[in-house]
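What follows is a single structure, written as structure tokens, with notes after it.
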Protein chains: 4
Amino acid sequence: MFVIMRAGCTVDERNRLVRVIKKVGLPVQVSESGHRVVIGIGGDEERLRDTPLDTFPGVEKVVALKTPHPLASRECRSESTSIQAGRARIGGNGLTIIAGPCAVEDGELLLEIAHAARAAGAHMLRGGAFKPRTSPYKFQGLGEQGLRLLRDAGRAAGLAVVTEAMDTGHVDLVAEYADVIQIGSRNMQNFALLKAVAKSDIPVLLKRGQAATITEWLCAAEYLLAGGNENVALCERGLVSFDSAVRHHLDLSAVPLVKRLSHLPVLVDPSHGTGKRELVPAMARAAVAAGADGVMVEIHQTPHLALSDARQALLPAEFEQLVPQLHAIHDIVRTGSVAVT
Amino acid sequence: MFVIMRAGCTVDERNRLVRVIKKVGLPVQVSESGHRVVIGIGGDEERLRDTPLDTFPGVEKVVALKTPHPLASRECRSESTSIQAGRARIGGNGLTIIAGPCAVEDGELLLEIAHAARAAGAHMLRGGAFKPRTSPYKFQGLGEQGLRLLRDAGRAAGLAVVTEAMDTGHVDLVAEYADVIQIGSRNMQNFALLKAVAKSDIPVLLKRGQAATITEWLCAAEYLLAGGNENVALCERGLVSFDSAVRHHLDLSAVPLVKRLSHLPVLVDPSHGTGKRELVPAMARAAVAAGADGVMVEIHQTPHLALSDARQALLPAEFEQLVPQLHAIHDIVRTGSVAVT
Amino acid sequence: MFVIMRAGCTVDERNRLVRVIKKVGLPVQVSESGHRVVIGIGGDEERLRDTPLDTFPGVEKVVALKTPHPLASRECRSESTSIQAGRARIGGNGLTIIAGPCAVEDGELLLEIAHAARAAGAHMLRGGAFKPRTSPYKFQGLGEQGLRLLRDAGRAAGLAVVTEAMDTGHVDLVAEYADVIQIGSRNMQNFALLKAVAKSDIPVLLKRGQAATITEWLCAAEYLLAGGNENVALCERGLVSFDSAVRHHLDLSAVPLVKRLSHLPVLVDPSHGTGKRELVPAMARAAVAAGADGVMVEIHQTPHLALSDARQALLPAEFEQLVPQLHAIHDIVRTGSVAVT
Amino acid sequence: MFVIMRAGCTVDERNRLVRVIKKVGLPVQVSESGHRVVIGIGGDEERLRDTPLDTFPGVEKVVALKTPHPLASRECRSESTSIQAGRARIGGNGLTIIAGPCAVEDGELLLEIAHAARAAGAHMLRGGAFKPRTSPYKFQGLGEQGLRLLRDAGRAAGLAVVTEAMDTGHVDLVAEYADVIQIGSRNMQNFALLKAVAKSDIPVLLKRGQAATITEWLCAAEYLLAGGNENVALCERGLVSFDSAVRHHLDLSAVPLVKRLSHLPVLVDPSHGTGKRELVPAMARAAVAAGADGVMVEIHQTPHLALSDARQALLPAEFEQLVPQLHAIHDIVRTGSVAVT
């Protein structure tokens, strides 16, 4: 059970409620931010049968849902969320195209990619400055220098930028340079990081863990929402696979499923989601056909020279050919009907 | 290594080759049918270094590929295969729509569904007469009576029909009534069944096992091709999932991947592949966007009364709305470009 | 809901019950054999509220359990089942050791392996005459000749023999030669095969499918039990793995779990279950420590020359060293206490 | 390729080597700590063919291994590592038993558990002060207060203590109170955390991620070793499962596999690894039989009142019965032979 407090409720109102709940012996958890106070109640709810919580001052709503992620749920908010991220918008009626290299490596190359991405119709530029790498001996990213190069390239090309933070210590730095902070799949349940990002109000792109259930993913989003950050977008990027023919199994069924369960926008990353360049265009099209609010695609002029993920980046020309197909499919999905010619 | 013999090679030519290979101590496996003889050679190929197999009489080609499924591979046949299945065609430039109930239950209901399917644009009617059920206490299908009802409904509505055979003992019976014989996901590696179906020349729809790799799937197809049946279509239908939010993870990346590796047509079953009606339209669209040659969708007038898989059947009206969207997306994929208006 | 009929109930009693159930509109499924009639009832059980089935003549018990596999459940039979398989016994207080090559290849070699297995303490000899192979070009087994060689080697060494049937057409033949018929993991849900084996009374070793849940596995056993074959033993042999470091993930937690849920004996095959010889002794020990009623281990004098699964066979000497360790661990598990010295 | 520098190599020696490698155009990554400098080299090693790195001053060894985790590998260090953790030892010839509640909840209860654990033969006390919880509304741990309670209970009972750090910000605090710092499965690839812990020299218990391959796990250990912390123990705790009958599939084959690949000690957590109390004793026995250097078991006086993981804690009495069985099995495994009575 959850109690959602009214915006502007007083500390006294909140504390009184907490005392009442504790008195009947139930564990209580207060999640607060400037924007919102949510009181989660665990244990046997029967003990509150004679305590009409919704009549207490400061209470907006008592939610008896079975869902463990009330703030992320459609049941709590029926209209779809859309997020302003610099010049770009994620969610709503549009289709958001994010493109860029896996990692920021070189300012000049990046600028070239940024212009190519913009010319092909991208709205946002991606690129990692902090890189989570399986091996400690691989390129770990340029850090703050990479953030600066990314911001500059984005500005020059007129694109919003998104980049990953891997640790609570990176959050302020990334927020200074980027329009959207990405939480990578390996950190989807890095709860300390989620709590730190929740305290900022920078838009967040929350990637799904490679073995995360839909519930776990939405609960991770709930950490952000409960902590006060309402600008959350989700991104499917492939599940652990038993078949070495692909690096991951991109779970596109997550798109319509999450769109039903939650009001948050859902993007898809077909590059990491397959790990194979030759599958990216087909899976980007499929993602949009499944109802995604956008795609995030790796592009690189010279993929074989990239310091990471060389196998999955599209050439700018391939990307340019893909974008109008995505919009055409998006139109079919959005209108639910087919134009008569 | 594989030796593909010329069509019409003699028994002597074949036997001579086998003797030569055995003489150097290598295991040999002859797969033959009226149409084709393939000689598979195991072990250390170095021993054949001084034996130029391609110069022997009757030999068409020596294939030194690494692939374990040469006949199914694009490398052996670059043009895409298309199959005539009764009035319907699978593969080529078209999009094949298969619809129908999970199981054949009642003649009148089935006829109604068949007419609705046809009216909405389906080319083939599906329906199980032999049903693989997890529990022995569940409805196991009507057997031959079901086959008869299916054939009759197909004829009445002008649709080709496809239905499953679960055992070597069913093959002739199913071939008598159906245009396409389905091998279900649980039987993908029922090698005795594959060999029996290979001896017939009825078109086959080979579903992917729920934990089968792409290689295992194409090797199962290879059993059919090596046994002499060239009319093979593949059907992705969802992988084992660690997330109870869906019944399976529909692996759409299999579509572009298999289309690259193999010349065989690939369909997708979004009904079994998700197990949830509300996800079927989105995943059918995504399947076509990923490049599928067709989809197989369960429909039922009264899904809640169906004796199996009630949770995943679309209503005929939902299906009717879906079909033109699929064709519109297929046009975008097929032409690779977007019409300028 | 299930109705278990009394042994010796009449056809009239049975039919009457079926009519009564159908009259209220519920689907009914009769499973019978010489030994046992079980009537499974689907749909909304509320409709039978006013029909006291347990008072009908011929009814032994009405089982309202939630379990889909009543006959396999501990709830229906609290004492553990043990099975006589030729000279060997599976289940009960003992530990059953099965050893032998993956496939029967050569009579002389097999005889040697059989004697080595017996000398090391094995009770049964394994060896495939019908081999399920991913590729059609690999050695498919010697068929009936292999069955004969296996039987002869077993007789000579004083061992019971177990071998796989892959198709309904093999069942009688295998039953003629073997003491135990194996249903392989790929055929765990080959329901036609299960039904055919159920009609015989030869003991069955039912391997778990590589992506089968515990429920699906016990439902497969239920096909055998409901069909009249009570001599069923289970064998865990590894699940599909996302890590190429092993061929499968051997799920040893299945052992204590199934022993709680079911009265059937449970063996473990650490050879197929890991696919790596160097892991087999450790996993065999672990299987026994987890409570397994036995293990099935591949052994071969010259593993590198074996026609299948060369990577996973133990040498006879390694096996000989392992067996006493297994018995020592089994003693600890069985007594639940440790001898004081 | 990796270059391991001699202990005490100079900065000049190091920098010279880095310059040489960069000059041929290869990416280079220096990992250093007070103890050890490792230089990882990426890209095409052919370019270094004419540069005999092993002759450069300060170089101890050039490792051309294929392994991505040289420091963790047996190839680099053949003797097994053992770690002193307060009064306890992990690795070597002994069996390390860790027990305690999932979370530290209450000082008095914890003290009682600690004494019971010690009496039953445990060497270390576990208990979470920072708790990674799927939902933000669940008990998140007592933080520093919990650390203090844990340390005090450990001291009182004569047990070393282990507890989890979830963020770089926790590391110093946890190191102040605990003998071993745990990195939880969700943080196995929290590389910022790994790097922070690597800089301390507190022993680390590195749990395997729920979908991590063996290679990924050993690479995570490599982050710790390359960063200068040599006191690393590994802990298997269950993989993502497609079967809701268990919470995870405990992968015991990881134990013998990692013991072959690496010199690091390997423990097993059968409590999280199954999520079911009734399976814990069997799987603890199996872990030791598979060769584990120790087990970590959750115990609680009143599991149903625990604030987390109530379903998986053993009662102290059950634990007490288990410990001598584990030692008896460990003796069999260690000696590789069975005592003759």
Side-chain angles (χ1 to χ4, degrees), chain C residues 211-217 238-261 270 273-276 278-292 321-329 331-333 335-341, chain D residues 211-217 238-261 270 273-276 278-292 321-329 331-333 335-341:
Chain C
T213 63
I214 299 291
T215 298
E216 288 166 341
W217 192 17
L239 302 177
V240 68
S241 159
F242 59 81
D243 188 354
S244 57
V246 286
R247 215 165 107 185
H248 297 100
H249 278 136
L250 189 64
D251 176 21
L252 291 184
S253 69
V255 175
L257 188 56
V258 168
K259 300 281 302 173
R260 290 181 72 86
L261 295 173
T274 62
K276 295 198 148 187
E278 61 270 30
L279 305 180
V280 170
M283 297 312 282
R285 285 191 296 259
V288 176
Q321 209 178 358
L322 175 63
V323 172
Q325 297 175 28
L326 301 184
H327 284 293
I329 292 173
D331 282 346
I332 294 169
V333 175
T335 62
S337 71
V338 180
V340 182
T341 24
Chain D
T213 62
I214 299 289
T215 298
E216 288 166 341
W217 193 16
L239 302 177
V240 68
S241 159
F242 59 81
D243 187 355
S244 58
V246 286
R247 217 165 105 184
H248 298 99
H249 278 136
L250 189 64
D251 176 21
L252 291 184
S253 69
V255 175
L257 189 54
V258 168
K259 300 283 297 177
R260 291 180 72 87
L261 295 172
T274 62
K276 295 199 148 184
E278 60 271 29
L279 305 180
V280 170
M283 296 312 282
R285 285 191 297 259
V288 176
Q321 209 178 356
L322 175 63
V323 172
Q325 297 175 28
L326 300 184
H327 284 294
I329 292 172
D331 282 345
I332 294 170
V333 175
T335 62
S337 71
V338 180
V340 182
T341 24

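By convention in this document, chain letters (A, B, ...) are assigned in the order of the sequence lines, proteins followed by strands, and residues within each chain are numbered from 1. Keep in mind that the numbers below use all heavy atoms, side chains included, and drop hydrogens, waters and symmetry copies.
What you find for C/Met283 and D/Ala290 is that their closest heavy atoms are SD-CB, 4.4 Å. Residues C/Ala289 and D/Ala289 come closest through the heavy atom pair CB-CB, 3.6 Å. Across all non-hydrogen atoms, the minimal contact from C/Leu257 to D/Leu279 is N-CD2, 3.6 Å. Closest approach of C/Phe242 to D/Val240, counting heavy atoms only: CE2-CG1, 4.5 Å.
Neither the backbone nor the side chain of D/Ala287 has a heavy atom closer than 4.5 Å to any heavy atom of chain C. For C/Ile329, the parts lying near chain D are the backbone and the side chain together; criterion is any non-hydrogen pair under 4.5 Å. Of the two parts of D/Leu250, only the backbone, made up of N, CA, C and O, holds a non-hydrogen atom closer than 4.5 Å to a non-hydrogen atom of chain C. There is no contact between C/Ala284 and chain D, counting heavy-atom distances below 4.5 Å. Of the atoms belonging to C/Leu239, it is side-chain heavy atoms, and not backbone ones, that fall under 4.5 Å from chain D.
Among the candidates C/Ala212, C/Ser253, C/Ala245, C/Ser244, the residue making the largest number of heavy-atom pairs closer than 4.5 Å to chain D is C/Ser253. Most heavy-atom pairs under 4.5 Å with chain C, from the set D/Val255, D/Leu252, D/Thr274: that is D/Leu252.
A distance-only check finds no donor-acceptor pair linking the side chain of C/Asp251 to the backbone of D/His249 [under 3.5 Å].
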